[in-house]
Amino acid sequence: MAENTAQTDTSSCAEVSTALNEPMIGSAPQVGLWILLEVRDVWEPKNLETNTLPDVANQWIDDAIVRGETDGLMPRAQFIRHRRRPSDPLTVMTYRDGELRRQEIDDYDELAEIDPLDYRIPKCDELLYFVCTHARRDICCSREGLPTWQRLDVLSEGRAWQTTHLGGHRFAPNVLTLPTARSYGRVRVDEVDEFFAEIESGSVPTRFLRGNSTLPPDAQVCEPEILSHDGRYVSLSDIEVTYETASGMHTLPIPAKSNLQILAGCREREWKTVEVYDVSD
């Protein structure tokens, strides 16, 4: 894919990314431990650095991240919220090793008694949707994400949450599904019904897929092909991905990459060059 240097002063980062036909596959942040905490106050641009949480909550998040990094889990913390009354309990969730766990608390002080790496947190068997609506991080996230979240919340009967930055706001609306751990982009409100129907049927709508967050990017980019063969990812080398089907082991070459100039975000209006996988849509 040739480098594109077209620039505009008025288009949003999401509009520019779409106009450039920027591939999304392979762009999901790799995460082995998701940490999701309900925060109902305003989310600042760098919400983990500046927020209104009490010290006990910030310390809990910091400790969870440090422990996750020590264990090689590539942790990521998210603030989440829903349509709830101030008197409702707060929700804390974690995802690790294919399992989503969820616990309700009445006060952030209770976090001191919760180990985010402990499997004793109650398991959540529901499929949940997390839509980035982080307006202060990038306007595309709220302008594009809020309508998508509202529609998903209706369709899922309350299983859709708003969340802070999921990475790649130029792909807004961004949606994370747990416990499937897949990240999707450009899930616009006029396509939400179709997206939801495919997810709920157990399918993976690959035209929206950014990647499986449990996999490294080179494996993420091969997952649509693996899924088309009813396969399962096994391993990754420098040049290929190995996957397994009912007929045995197979390999796929990792697609080449090329450079593309994109508008990184609407707040900074900065243009940068990124590597994208050379794949056809």
Side-chain angles (χ1 to χ4, degrees), residues 1 3 17 21-36 64-78 94-101 116-117 119 127 130 132 165-168 170-171 174-187 198-199 202-260 262 272-281:
M1 180 178 296
E3 182 172 325
S17 176
N21 199 28
E22 179 185 359
M24 295 190 295
I25 191 66
S27 68
Q30 187 178 2
V31 180
L33 172 65
W34 288 95
I35 305 156
L36 307 110
I65 291 173
V66 169
R67 290 178 58 205
E69 289 174 342
T70 300
D71 289 352
L73 294 176
M74 292 168 289
R76 186 180 180 103
Q78 302 285 139
T94 62
Y95 168 86
R96 177 187 177 190
D97 297 332
E99 294 184 348
L100 178 63
R101 297 183 175 272
L117 274 66
Y119 288 103
L127 175 62
F130 300 88
C132 178
H165 184 51
L166 286 170
R170 65 188 184 276
F171 300 130
N174 283 293
V175 181
L176 169 71
T177 58
L178 292 176
T180 57
R182 288 191 173 91
S183 177
Y184 298 92
R186 298 183 187 138
V187 188
E198 288 191 58
I199 295 284
S203 298
V204 178
T206 54
R207 64 195 178 281
F208 301 105
L209 186 61
R210 293 183 58 195
N212 185 326
S213 67
T214 65
L215 302 179
D218 284 351
Q220 292 177 17
V221 73
C222 293
E223 191 181 26
E225 180 69 15
I226 294 172
L227 292 172
S228 73
H229 296 288
D230 295 324
R232 180 185 65 85
Y233 166 79
V234 175
S235 62
L236 174 70
S237 73
D238 291 339
I239 60 172
E240 63 186 13
V241 167
T242 299
Y243 68 100
E244 183 178 19
T245 70
S247 63
M249 293 293 183
H250 309 270
T251 60
L252 285 171
I254 298 168
K257 294 179 181 179
S258 59
N259 291 333
L260 181 70
I262 54 92
K272 69 176 183 180
T273 299
V274 296
E275 282 191 327
V276 297
Y277 289 95
D278 293 334
V279 294
S280 57
D281 293 332

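Basis for what follows: all heavy atoms, side chains included, without hydrogens, waters or symmetry-related copies.
Here the shortest heavy-atom pairing between Phe171 and Arg210 reads CD1-NE, 3.5 Å. Pairing each heavy atom of Val221 with each of Pro255, the nearest pair is CG1-CD, 3.6 Å. Minimum heavy-atom separation, Ile35 to Pro75: CD1-CB, 4.2 Å. Smallest separation of non-hydrogen atoms from Leu252 and Cys222: CD1-O, 3.9 Å. The two atoms that bring Ala219 and Val241 nearest to each other are CA-CG2, 3.9 Å, heavy atoms only. For the residue pair Gly168 and Asn174, the shortest heavy atom distance occurs at O-ND2, 3.0 Å.
Between the side chains of Tyr119 and Asp97, a donor-acceptor pair is found at a separation under 3.5 Å.
The CZ atom of Arg186 sits 12.5 Å away from the CG atom of Leu209 when rounded to the nearest 0.5 Å. A distance of 8.0 Å separates CG of Leu215 from CD1 of Ile226, quoted to the nearest 0.5 Å. Considering CD of Glu223 and CD1 of Ile25, their distance stands at 7.0 Å, rounded to 0.5 Å. A distance of 4.0 Å separates NE2 of His229 from OH of Tyr243, quoted to the nearest 0.5 Å. Atom CG of Leu176 is separated from atom CG of Leu36 by 7.5 Å, given to the nearest 0.5 angstrom. With rounding to the nearest 0.5 angstrom, the CG atom of Leu100 is 7.0 Å from the OG1 atom of Thr94.
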For a side-chain contact (heavy atoms from CB on, under 4.5 Å) check, start with the C-alpha distance between Glu275 and Asn259, then their side-chain angles and the critical distance, and finish with the verdict.
CA-CA 5 Å; Glu275 282 191 327; Asn259 291 333; 3.6 Å; yes

Would Arg182 and Thr177 count as a side-chain hydrogen bond (donor to acceptor under 3.5 Å, both in side chains) here? Give the steps.
CA-CA 6 Å; Arg182 288 191 173 91; Thr177 58; over 6 Å; no

Take Gln78 and Leu166 through the side-chain contact (heavy atoms from CB on, under 4.5 Å) test and state the conclusion after the steps.
CA-CA 8 Å; Gln78 302 285 139; Leu166 286 170; 3.7 Å; yes

Candidate pair Thr242 and Ser235, rule side-chain contact (heavy atoms from CB on, under 4.5 Å), full reasoning
CA-CA 5 Å; Thr242 299; Ser235 62; 3.4 Å; yes

Step by step, work out the side-chain hydrogen bond (donor to acceptor under 3.5 Å, both in side chains) result for Ser258 and Asp278.
CA-CA 7 Å; Ser258 59; Asp278 293 334; 2.7 Å; yes

Could you walk me through whether Tyr184 and Ile199 satisfy the side-chain contact (heavy atoms from CB on, under 4.5 Å) test, starting with their C-alpha distance in whole Å, then the side-chain angles of each, then the deciding distance to 0.1 Å, before giving a yes or no?
CA-CA 11 Å; Tyr184 298 92; Ile199 295 284; 3.4 Å; yes

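Taking the side chain as every heavy atom from C-beta outward, Pro216 and Asp218 never approach each other to under 4.5 Å. Contact check for Arg101 versus Pro116: no side-chain heavy atoms found under the 4.5 Å cut-off. Side-chain contact between Pro217 and Tyr277 is present, with heavy atoms from C-beta onward closer than 4.5 Å. Annotation: side chain of Val274 is in contact with side chain of Arg170 (closest heavy-atom distance under 4.5 Å).
In this structure, Ser213 contributes its side chain and Ala181 its backbone to a donor-acceptor pair below 3.5 Å. Side-chain atoms of Gln220 come within 3.5 Å of backbone atoms of Ala28 as a donor-acceptor pair (strictly under, hydrogens ignored). The main-chain N or O of Ile239 is found under 3.5 Å from a side-chain atom of Ser237 such that the two form a donor-acceptor pair. Glu244 contributes no side-chain N or O that, together with a main-chain N or O of His250, makes up a donor-acceptor pair within less than 3.5 Å. The closest donor-acceptor contact from the side chain of Asp71 to the backbone of Leu73 lies at 3.5 Å or more, if one exists at all.
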